Novice: 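This is the structure, below, for whatever I ask next.
Note that the coordinates shown come from a computational prediction; the quantities given were computed from them, not determined experimentally. FYI, the numbering just counts along the sequence from 1. Computation of the quantities below employed the complete heavy-atom set of this structure, encompassing side-chain atoms and omitting hydrogens, waters and symmetry-equivalent molecules.
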Amino acid sequence: QTHEASTEQTALPLQYGSISENPFWSIGANWNRIFGANVVNDLLIGYNDNSFNSAPLDLRGLGALNNQLGIGGAQPIPGLTEVRMGNSLNNIGTIGLGSNTNNGVFQINERLTWLKGRHTLKIGGSWNHYVMDRYYSGNNGQLGFIAYTGAFSRVAFADFLLDQVSTKGRGSLSEAWTHLQDRIAFYVADDYKVSDNLTLNLGLRWGFTSPLVEKDDRQANFSLVNAEQQLAGQNGNSRALYEPYYNGWEPRLGAAYRMGEKWVFRGGYGITQYMEGTGANLRLPLNPPFFFESQIDFDVTGGPGTISTGFEGLQALDRPSGVLRAWDPNLRPQFTQQWNAFAEYLIGARSSINIGYVGNTSSNLVTPIEGNQPLPGVGDPRVTPWAPLQQRRPLYQFNPLITNISTTASRGRSNYHALQTTFKQRLWHGFDFVANYTFGRAMSNNLGYYGSGGVASEGAYPVNSYDIEANYGP
């Protein structure tokens with residue numbers, strides 16, 4: 001199947017649209033076999049293929065407009081670099097976001113079920129092999145943006161009229177890259193009916209997610225200590241450029257006890273570990289020398305930028321520069337502990353009430369961090385002006401051309417505690433009723449890479465990447 005969508009018209013001639021297509025297909029086969037009266041084996045094999053492709057669309061065929069409208073330098077594709085004038089005015093042009101993704105997943109799932117006395121044993125495993133072909137222009141797009149924010153005159157549109165640029169940046173048009181990864185797991189579980197009134201659920205799972213490697217080793221990492229560039233598979237570096245994690249043990253315990261004809265008590269505890277992902281914009285193939293993305297911020301200490309030079313001079317030819325990506329070498333899966341305890345009481349023949357407590361605590365949540373965030377200046381800026389923003393970056397002394405470093409790390413944590421109650425009225429004279437109430441609280445130090453839709457927040461990156469715990473709260 002394929003889903004296609006494209007912009008049909010825009011409100012202004014200098015606004016651009018986009019076109020996207022999403023073809024996908026899958027195939028699967030299931031084989032099961034019964035051995036005697038007590039053993040059943042299930043085997044599932046499948047393959048899934050899906051693509052997400054999008055590109056900017058020049059609806060009016062205006063062609064390359066940058067030079068015609070005073071933006072200097074060459075441009076990689078037709079269109080107009082996005083100009084952000086601020087003060088609620090509509091942007092003109094487009095960043096030219098381009099993305100081509102093809103994900104293929106081959107999977108095998110095996111499960112053996114064995115009934116023996118009061119035990120129901122389940123033994124199995126799974127293997128998922130991922131092939132991810134990807135091109136992404138970077139968040140700044142193929143055409144980039146030039147922004148006026150009011151940093152100099154205190155009014156964004158006045159900055160535009162005076163050509164006092166606050167920020168400019170642009171991504172790249174480059175070759176696609178291919179990430180490979182495997183996720184494997186094995187488990188054993190036992191539902192043990194100890195007595196007519198007591199059932200125990202015991203289980204243990206081990207999972208492993210292999211580090212992401214690029215098919216042709218076209219990826220690079222950067223040290224947050226000295227800005228050293230680390231190329232995959234070279235100079236003693238691993239192909240993934242971060243360490244594998246093998247301690248993926250996940251024990252689980254549950255119990256259900258029936259007391260008399262009206263009471264049932266249930267409880268459980270389990271550990272879950274899962275290697276989370278972020279967006280394509282944080283992947284290591286989007287680093288020099290395979291990819292380049294610029295972004296520079298201007299402030300009053302260093303003076304404004306200008307639209308007339310476009311993006312000239314932002315890319316160094318002899319060393320890494322601009323916006324980089326880094327992955328913590330000790331990145332590991334999130335570690336979540338979950339537990340619950342409930343009591344259910346049968347009020348009548350058709351109604352019951354359930355009251356209990358649930359909780360979880362998580363650590364090592366994957367979080368984006370700004371790895372080269374400028375430090376505050378020294379002293380009172382009203383007395384002694386601070387050094388320019390770029391010079392206050394920790395890695396400036398090692399490479400003054402590096403700006404932001406979008407870093408993937410596992411520094412997040414969260415917890416959740418709640419009291420829950422449910423009243424159920426089963427079918428009675430055609431009437432069925434369920435009522436629920438939860439009193440809970442969730443705390444975290446990061447919203448996660450994809451944030452929380454509809455909630456006012458600072459975004460995926462903390463305000464202060466050197467103190468992520470300052471974000472901890474509800």
Novice: Would you say that Trp386 contacts Arg392 through its side chain, given a criterion of any heavy-atom pair below 4.5 Å between the two side chains?
Specialist: yes
Novice: Give the C-alpha distance, both sets of side-chain angles, the deciding distance and a yes or no for side-chain contact (heavy atoms from CB on, under 4.5 Å) between Thr272 and Gln334.
Specialist: CA-CA 8 Å; Thr272 301; Gln334 58 88 0; 4.3 Å; yes
Novice: Using the six-membered ring wherever Trp is involved, compare the ring planes of Tyr257 and Phe265 and label them parallel, tilted or perpendicular (cut-offs 30° and 60°).
Specialist: parallel
Novice: Just wondering, more than 12 heavy atoms not from Phe35 lying within 6.0 Å of its CZ?
Specialist: yes
Novice: Is it true that the side chains of Asn30 and Asp42 contain a donor and an acceptor less than 3.5 Å apart?
Specialist: no
Novice: Which residue, Leu375, Ile405, Asn372, forms the side-chain contact (heavy atoms from CB on, under 4.5 Å) with Arg393?
Specialist: Asn372
Novice: So, do Phe439 and Thr421 sit near enough that their side-chain heavy atoms are less than 4.5 Å apart?
Specialist: no
Novice: Find the distance between OG1 (Thr94) and CZ (Phe145) and round it off to the nearest 0.5 Å.
Specialist: 12.5 Å
Novice: Going from CD on Gln337 to CD on Glu250, what distance comes out if it is rounded to the nearest 0.5 angstrom?
Specialist: 12.0 Å
Novice: When rounded to the nearest 0.5 angstrom, what is the spacing between CG in Asn100 and CG in Asn53?
Specialist: 4.5 Å
Novice: Of the non-hydrogen atoms in Thr278 and Val366, which two are nearest, and what is the gap between them?
Specialist: CG2-CG1, 3.7 Å
Novice: Do Arg283 and Glu214 sit within salt-bridge range, that is, some charged N less than 4.0 Å from a carboxylate O?
Specialist: no
Novice: Among Gln425, Glu344, Lys262, find the residue that satisfies the side chain to side chain donor-acceptor pair (under 3.5 Å) test when tested with Ser352.
Specialist: Glu344
Novice: Keeping the roles fixed (side chain from Asn48, backbone from Ser26), state whether a donor-acceptor pair exists under 3.5 Å.
Specialist: no
Novice: Do Pro333 and Thr209 have side chains that approach each other closer than 4.5 Å (heavy atoms only, starting at C-beta)?
Specialist: no
Novice: Set out, in order, the CA-CA distance, both residues' side-chain angles and the distance that settles side-chain hydrogen bond (donor to acceptor under 3.5 Å, both in side chains) for Asn221 and Asn287, then state yes or no.
Specialist: CA-CA 8 Å; Asn221 203 359; Asn287 268 332; 5.3 Å; no
Novice: Please say which of Asn281, Thr408, Leu365 ends up in a side-chain contact (heavy atoms from CB on, under 4.5 Å) with Tyr449.
Specialist: Asn281
Novice: Do the side chains of Tyr136 and Pro285 get nearer than 4.5 Å, heavy atoms only?
Specialist: no
Novice: Looking only at heavy atoms, which two atoms of Leu231 and Pro289 are closest? And how far apart?
Specialist: CD2-CD, 3.9 Å
Novice: Using a 3.5 Å distance criterion without hydrogens, assess whether the side chain of Asn103 forms a donor-acceptor pair with backbone atoms of Asn50.
Specialist: no
Novice: Calculate, to the nearest 0.5 Å, the distance between atoms OG and CG belonging to Ser414 and Leu447 respectively.
Specialist: 11.0 Å
Novice: Check Asn109 against Ser126 and note the closest heavy-atom contact, atom names and distance.
Specialist: OD1-CB, 3.2 Å
Novice: Taking the side chain as every heavy atom from C-beta outward, state whether Leu284 and Trp327 have any atom pair closer than 4.5 Å.
Specialist: yes
Novice: Does the pair Ser351 and Phe433 meet the rule for a side-chain contact (heavy atoms from CB on, under 4.5 Å), with working shown?
Specialist: CA-CA 9 Å; Ser351 60; Phe433 177 76; over 6 Å; no
Novice: For a side-chain contact (heavy atoms from CB on, under 4.5 Å) check, start with the C-alpha distance between Asn201 and Asp191, then their side-chain angles and the critical distance, and finish with the verdict.
Specialist: CA-CA 5 Å; Asn201 309 106; Asp191 293 337; 2.8 Å; yes
Novice: When you compare the side chain of Leu324 with that of Pro288, does any pair of heavy atoms fall below 4.5 Å?
Specialist: yes
Novice: Closer than 3.5 angstrom, by distance alone: can the side chain of Thr403 be matched with the main-chain N or O of Gln295 as a donor-acceptor pair?
Specialist: yes
Novice: How about CD on Glu175, more than 12 heavy atoms from neighbouring residues, nucleotides or ligands closer than 6.0 Å, or not?
Specialist: no
Novice: So, Ser137 side chain and Gly98 main chain: donor-acceptor pair closer than 3.5 Å or not?
Specialist: yes
Novice: Mark yes or no for whether Asn399, through its side chain, and Pro320, through its backbone, hold a donor-acceptor pair below 3.5 Å.
Specialist: yes
Novice: Just so I know, are the side chains of Asn436 and Gln420 near enough to count as touching, which here means a heavy-atom distance under 4.5 Å?
Specialist: no
Novice: Would the distance check show the side chain of Arg252 and the main-chain N or O of Gly203 forming a donor-acceptor pair, the cut-off being under 3.5 Å?
Specialist: no
Novice: So, Ser54 and Ser20: side-chain donor and acceptor under 3.5 Å apart, yes or no?
Specialist: no
Novice: Kindly assign one of parallel, tilted or perpendicular to the pair Tyr246 and Phe208, based on the angle between their ring planes and the thresholds 30° and 60°.
Specialist: parallel
Novice: Assign the ring pair Trp127 / His129 to parallel, tilted or perpendicular, where the plane angle (0 to 90°) is split at 30° and 60°.
Specialist: tilted
Novice: Quick check: does any side chain N or O of Tyr466 sit under 3.5 Å from a backbone N or O of Gln373, one acting as donor and the other as acceptor?
Specialist: yes
Novice: Tell me which one of Trp25, Phe106, Phe24 satisfies ring pair (Phe, Tyr, Trp, His ring centres under 6.0 Å) with Tyr47.
Specialist: Trp25
Novice: Do you know which two heavy atoms are closest between Val213 and Gln219, and how far apart they sit?
Specialist: CA-NE2, 3.9 Å
Novice: Just how far is it from atom OG of Ser294 to atom CG of Leu401, taken to the nearest 0.5 Å?
Specialist: 12.0 Å
Novice: Looking only at heavy atoms, what is the nearest atom pair of Gly371 and Leu224, with distance?
Specialist: O-CD2, 4.0 Å
Novice: Does this structure show an ion pair linking Arg332 with Glu243, if we count only N-O contacts that are shorter than 4.0 Å?
Specialist: no
Novice: Which atoms form the tightest heavy-atom contact between Ser99 and Arg134, and what is the distance?
Specialist: OG-NH2, 3.0 Å
Novice: Is there side-chain contact between Asp217 and Phe290, with heavy atoms separated by less than 4.5 Å?
Specialist: no
Novice: Rounded to the nearest 0.5 Å, what's the gap from CG on Leu43 to CH2 on Trp31? Could you check?
Specialist: 7.0 Å
Novice: Would you say the side-chain atoms of Ser210 pair up with the backbone N or O of Asp182, donor to acceptor, closer than 3.5 Å?
Specialist: yes
Novice: Where do Asp328 and Tyr242 land on the side-chain contact (heavy atoms from CB on, under 4.5 Å) test, with the steps shown first?
Specialist: CA-CA 7 Å; Asp328 187 334; Tyr242 65 99; over 6 Å; no
Novice: Examine Arg350 relative to Phe431 and say whether NZ or CZ is less than 6.0 Å from the centre of the six-membered ring and inside a 45° cone about the ring axis.
Specialist: no
Novice: So if I apply the side-chain contact (heavy atoms from CB on, under 4.5 Å) rule between Asp190 and each of Lys116, Lys122, His119, which one comes out positive?
Specialist: His119
Novice: For the side chain of Glu293 and the backbone of Ser172, is there at least one donor-acceptor N/O pair under 3.5 Å apart?
Specialist: no
Novice: Hey, is the main chain of Phe423 close enough, under 3.5 Å, to the side chain of Tyr437 for a donor-acceptor pair?
Specialist: no
